[in-house]
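Here the structure is laid out as structure tokens; the discussion comes afterwards.
So you know, we letter chains A, B, ... as the sequences are listed, proteins then strands, and number each from 1. Any value given below was found using the heavy atoms of this structure, including those in side chains, with hydrogens, waters and symmetry copies removed.
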Protein chains: 2
Amino acid sequence: MRRLILSAAHDIFKEKGYDGLNIRSIAERIEYSPATIYLYYKDKNEIFYALQYEAAAAKRDHLLPALSIEDPWKRLIEFGRLYVDFGLKHPDWYDLLFLTRAPMEHIENQQCWTLGMATHSFFVETVQACVDARFFKSTDTETIAYTLWCHAHGMVSLFVRERMRMYPPEVRAELAKKSFAMIVKMAESL
Amino acid sequence: MRRLILSAAHDIFKEKGYDGLNIRSIAERIEYSPATIYLYYKDKNEIFYALQYEAAAAKRDHLLPALSIEDPWKRLIEFGRLYVDFGLKHPDWYDLLFLTRAPMEHIENQQCWTLGMATHSFFVETVQACVDARFFKSTDTETIAYTLWCHAHGMVSLFVRERMRMYPPEVRAELAKKSFAMIVKMAESL
DNA sequence: GTTTTTACTAAACACTGTTCAGTAACTTTG
DNA sequence: CAAAGTTACTGAACAGTGTTTAGTAAAAAC
């Protein structure tokens, strides 16, 4: 039953986005009363957590191809490229993971957090591998990882939350590509 | 009357944040009925636009000290520093300006947009001045500006939307500082 | 066959944004 | 001055949220 509810929530989220998702629409889709949902999920936040987990899993799957790249520098680049690609292709998922205000209070206890942290750790480890291989002059792995992440996240969130209106729609993706290339260049001389 | 409503909205927003702000709470504070508000503002979005303008003005004021710096490179650095500083000090304003999903549809017509664009133009012009002064090897002003903006915005939004839980609270500001220094270093060799 | 447990829901509550019919006071007009 | 019109405002409602509670019908256990 939990699966049924979550699956319906998933579908509605994909169809109508965040705003179109509400308890009554889920209930209608699974042909149960709204009250029934509360027998299986404490509140709407819990459904959100579960959806965030789906998003985290989708993100992990999207990044998976980078895992198998031997060379740490190439792996880092591909990881970053795929990260941005995921955000641009699945703005709703990205939004849910990194831009939603709502339910962060006890997220640390959730599977979603574990999954997200695993992906993040992989990223940091790749940066560490680059540091170990003397790809950078700097050895401050944490700051390097954070800096690169900020840039990628900044790009995606400006896009997702539509703060790129000063650029015509058709140049936005191109600009993101150029900026990504630029940060790679910058990182090379770090 | 419009001023009265907006001033109340402003206060409530500062006190209770985005979520505590609703029509009835504004009405209560100014001691009018909720319906009255609709005589002066079309809907809640219009009040939002007005608040966004306040936020944009607050941001401009915060960045003002950078304007008078002669040296373009120093000006750019100080501008960036103040930008991040504004975001960390006034997360609610920053949120309203760059992270709120809601009312972006017709924002281009709003004063807020004009004000925000002016600030943004100043930023791009400063980058252009650096390019003209051969501070960078690259001459792609647009991409440089966008890249720097993405990094700053990424830092602030990860902070504002509380996606830095993997770092202990006390290191977050420090990490931001280090990352800012790092992007400056990176930009120097751009 | 009676009792207990399970699975579910209708109806309500409290809270949103928003609208509309109506009212009381002030202004204009004959 | 009285009638008509205009202005400023509101009570009450509507529709849409998340959520709770009392109750019911069916299945399971005894």
- Whole-Å gap separating C1' (D/dA13) and OH (B/Y38): 14 Å

- Message: Quick one, A/M1 and A/Y32 - any side-chain contact, counting heavy atoms below 4.5 Å?
- Response: yes

- Task: Grab the CD1-P distance between A/I47 and D/dT17 for me, whole Å please.
- Result: 14 Å

- Message: Please report the distance, rounded to the nearest Å, between CE in B/M1 and C1' in D/dT7.
- Response: 13 Å

- Note on the structure: Outermost contacting nts on DNA chain C, any atom under 4.0 Å from chain A heavy atoms, listed 5' then 3', are C/dC8 to C/dA12

- Item | Nearest-angstrom distance from the residue atom CD1 of A/I37 to P of D/dG18 | 9 Å

- Quick one: do A/E46 and A/R2 satisfy salt bridge (charged side-chain N to carboxylate O under 4.0 Å, His left out)? Show the steps, please. CA-CA 11 Å; A/E46 278 214 342; A/R2 283 187 126 235; 3.7 Å; yes

- Contact class for B/Y40 vs. all strands (heavy atom < 4.0 Å): base, sugar-phosphate, or nothing? sugar-phosphate

- Once you round it to whole Å, what is the distance between P of D/dG11 and CD of B/E31? 13 Å

- Mapping A/A35 and A/D19 to their closest nucleotides on DNA chain D, which lands nearer the 5' end? A/D19

- Message: Can you tell me if B/F13 has over 12 outside heavy atoms packed within less than 6.0 Å of its CZ?
- Response: yes

- Query: Rounded to the nearest Å, what distance is computed from the CG atom of residue A/D43 to the P atom of nucleotide D/dT19?
  - Reply: 5 Å

- Query: Which of the following nucleotides, D/dT19, D/dA13, D/dT10, is nearest to the side chain of B/R24?
  - Reply: D/dA13

- Item | More than 12 heavy atoms of other groups within 6.0 Å of A/E28 CD | no

- Show the numbers, then the answer: is there a salt bridge (charged side-chain N to carboxylate O under 4.0 Å, His left out) between B/R29 and B/E15? CA-CA 13 Å; B/R29 176 160 310 218; B/E15 283 168 29; 3.1 Å; yes

- Task: May I have the distance from B/E28 (atom CD) to D/dT10 (atom P), rounded to whole angstrom?
- Result: 13 Å

- Per nearest nucleotide of DNA chain D, the residue lying toward the 5' end, A/K42 or A/N22, is A/N22

- Query: If you measure from the Lys or Arg side-chain nitrogens to the Asp or Glu carboxylate oxygens, is any gap between B/E78 and B/R75 under 4.0 Å?
  - Reply: no

- Message: Please check if the number of heavy atoms outside B/E170 that lie under 6.0 Å from its CD is greater than 12.
- Response: yes

- Query: Over how many whole Å does the gap from B/I23 atom CD1 to D/dT10 atom P extend?
  - Reply: 14 Å

